[in-house]
Amino acid sequence: NPHAATATPAPVALTTPRCYPSTEGGLWCLLTASNRSSEGVENLSVLFRMAAANAASQSEQTASPLLDLLLPQASLPLAAYFPPPVPLDYSVEA
């Protein structure tokens, strides 16, 4: 498709993901995206990657904020959910 959108890296700063176990054995991971530029950023998405410490498994989730526009000098939270089972020893990056 000649009119398909392509991903463009944006000058958005991300905090380190913080993850919290859910009661059913999954994992919620949250971070804050901050737009430090003088222009708005549209259609923001962030890829969360969870890896087991023994490198036996890896899982990815894409998250988008509830608002479509991240204004200049503003921040928005993003969250991703990893369903169970979650490895006992894991790391998550965004």
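When reading the values below, keep in mind they use all heavy atoms of this one structure, side chains included, and skip hydrogens, waters and symmetry mates. The structure presented is a predicted model; accordingly, all values stated were derived computationally and were not measured.
- Nearest heavy-atom pair, T32 versus T15, reported as atom, atom and distance to 0.1 Å: N-OG1, 2.9 Å.
- Other members of the hydrophobic cluster containing L30, listed by chain and number, are Y20; membership follows side-chain contacts under 4.5 Å among ILVMFWY residues, whether direct or relayed.
- Taking CD from Q61 and SG from C29, the interatomic distance works out to 9.5 Å, rounded to the nearest 0.5 Å.
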List, one per line, each side-chain donor-acceptor pair under 3.5 Å for residues 67-88, sequence neighbours excluded.
from	atom 1	to	atom 2	distance (Å)
D68	OD1	N43	N	3.3
Q73	NE2	R36	O	2.9
Q73	NE2	S37	O	3.1
S75	OG	S34	OG	2.7
Y81	OH	E24	OE2	2.5

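- Partners of N54 by side-chain contact (heavy atoms from CB on, under 4.5 Å), not counting sequence neighbours, listed by chain and number: A52, A56.
- In this structure, CD on E60 lies 11.0 Å from CE on M50, to the nearest 0.5 angstrom.
- When all heavy atoms of P21 and L27 are compared, the pair lying nearest together is N-CD1, 3.7 Å.
- Of all heavy-atom pairs between E39 and N35, the closest is O-ND2, 2.8 Å.
- The line from OG of S59 to OH of Y90 is 12.5 Å long, rounded to the nearest 0.5 Å.
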